[in-house]
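One structure is given below, encoded as structure tokens.
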Amino acid sequence: MFRHMLGKTLGLLGYTIQYGCIAHCAFEYIGEFVVCSGPSMEPTIVNHDVVFSERMSRHLFKIEKGDIVIAKSPFDPQMNICKRVIGLEGDKICTSSPSDLFKTHTYVPMGHVWLEGDNLRNSTDSRNYGPIPYALIRGRVCWKVTHEFNFKKEPEGHRQGSL
Amino acid sequence: MAQQTSAGRRYVQTFISGFFVAVPVTVTILDKLAYVARVEGASMQPFLNPDAGAQSDVVLLNRWSVRNYQVQRGDIVSVVSPRNPKQKIIKRVIGLEGDFIRTLSYKNRYVRVPDGHLWIEGDHRGHSLDSNCFGPVSLGLLHGRASHIIWPLNRWQCIKPSLPPNREPLDAEEDDE
């Protein structure tokens with residue numbers, strides 16, 4: 001009786017470990033759903049939007065300029081930031097605002113990327129803390145979960161006529 | 001004939017089911033628990049790779065202990081290089097976030113390590129690409145903590161955290177007078 005229970009428990013443990021490892025591989029190498037918060041990517045991504053970020057581009061080093069990425073915050077590794085890639089290594093970035101008289105530029109160093117939020121007025125990004133190392137990028141946002149609720153009431157006469 | 005094909009099919013089935021168990025488990029162990037790596041280069045001499053021409057040391061990297069980014073001063077850690085994301089470098093932690101340290105060959109003589117960053121240096125001064133070249137590194141780049149040297153066998157040892165002499169942080173509360 002005891003041996004039977006032990007056998008069953010070990011079997012369950014084995015299955016849990018196996019499926020846990022498969023889940024880890026899926027989240028780490030394929031993609032995961034992320035809930036975004038904050039106004040820095042408006043109007044592309046607003047507060048409480050759910051997006052799907054895929055990991056393959058990051059592991060294969062195929063992140064391109066213009067991609068929206070999820071990255072680890074350089075000042076707190078347990079927090080994530082969601083921004084757009086404005087420049088890759090070697091690119092020239094204009095760091096002055098359009099209203100400045102003298103334009104300043106900077107070059108993105110080797111192995112780094114320059115991130116900016118779409119809502120330039122309300123975003124802390126590379127304009128504040130500089131370029132971030134490429135390896136802090138976790139994934140590329142490729143799909144946004146949109147929820148559209150359409151309540152359109154059709155006029156009564158039209159419905160009867162279509163039959 | 002029929003028996004051979006069913007045995008062949010069973011073999012393929014067992015192989016595929018074994019594959020789908022072994023690969024995710026191995027990948028998860030390497031990502032979350034432990035990693036084995038060969039140390040190349042002379043930047044951590046004389047502690048790692050003391051003989052330049054002989055075999056390189058192989059270290060065991062503990063990935064579980066850095067899952068919450070907790071490291072101590074004097075630990076030997078592997079981080080993803082900020083200059084080249086495809087390469088990992090192995091250095092010693094000299095300063096944690098908030099420490100005020102004196103640098104060796106950085107553009108500023110004294111640096112306060114920013115929040116969420118580390119200051120790492122190789123033991124072999126002058127032969128090391130470390131924070132003295134590229135500044136503090138973000139904690140998010142931390143890969144693992146070297147816990148043991150496992151090869152060559154005559155150098156098998158447990159790595160204890162130890163700061164090199166004169167590399168302690170300058171304590172801001174200390175009264176110099």
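Below, chain A is the first sequence line, B the second, and so on; all start at residue 1.
Only the side chain of V80(B) comes within contact range of chain A, with at least one heavy atom under 4.5 Å from a heavy atom of that chain. Neither the backbone nor the side chain of F134(B) comes within contact range of chain A; no heavy atom of the residue lies under 4.5 Å from a heavy atom of that chain. Proximity to chain A is limited to the side chain of P114(B), based on heavy atoms less than 4.5 angstrom apart.
A continuous path of Ile, Leu, Val, Met, Phe, Trp and Tyr side chains, each step under 4.5 Å between heavy atoms, connects I81(A) with V69(A), placing both in one hydrophobic cluster. If you chain together hydrophobic residues whose side chains sit under 4.5 Å apart, I120(B) and V71(B) fall into the same group. When hydrophobic clusters are built by joining Ile, Leu, Val, Met, Phe, Trp and Tyr residues whose side-chain heavy atoms come closer than 4.5 Å, directly or via intermediates, L129(B) is grouped together with I89(B). Hydrophobic cluster membership is shared by F61(A) and I137(A), with clusters built from Ile, Leu, Val, Met, Phe, Trp and Tyr side chains linked at under 4.5 angstrom. The cluster map of Ile, Leu, Val, Met, Phe, Trp and Tyr, joined by side-chain heavy atoms under 4.5 Å apart, puts M41(A) and V34(A) in the same cluster.
Annotation for F15(B): atom CZ does not count as buried by contact number, only 12 or fewer foreign heavy atoms lying within 6.0 Å.
Scanning residues 2-9 of chain A against chain B with a 4.5 Å non-hydrogen threshold yields no residues.
Among P133(A), A71(A), G20(A), the residue with the largest count of heavy-atom pairs under 4.5 Å with chain B is P133(A). Between chain B and the residues P74(A), C25(A), A23(A), the most heavy-atom pairs under 4.5 angstrom are made by P74(A).
Residue pairs that meet the salt bridge (charged side-chain N to carboxylate O under 4.0 Å, His left out) test with at least one member in residues 111-129 of chain A, sequence neighbours left out, are R84(A)-D118(A), D125(A)-R127(A). The salt bridge (charged side-chain N to carboxylate O under 4.0 Å, His left out) contacts involving residues 13-25 of chain A comprise nothing, where partners must be two or more places apart or lie in separate chains.
For L141(B) against L136(A), the heavy-atom pair with the smallest separation is N-CD2, 4.0 Å. Among all heavy-atom pairs drawn from P85(B) and G111(A), the shortest one is CD-CA, 4.0 Å.
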Hey, what donor-acceptor pairs show up under 3.5 Å between chain A and chain B?
residue, atom, partner, partner atom, Å
C21(A), O, T28(B), OG1, 3.4
H24(A), NE2, D31(B), OD2, 3.2
Y29(A), OH, D31(B), OD1, 3.3
Y29(A), OH, D31(B), OD2, 2.9
K72(A), NZ, Y69(B), OH, 3.2
K72(A), NZ, G140(B), O, 3.1
P74(A), O, S138(B), OG, 3.1
H112(A), ND1, P82(B), O, 3.4

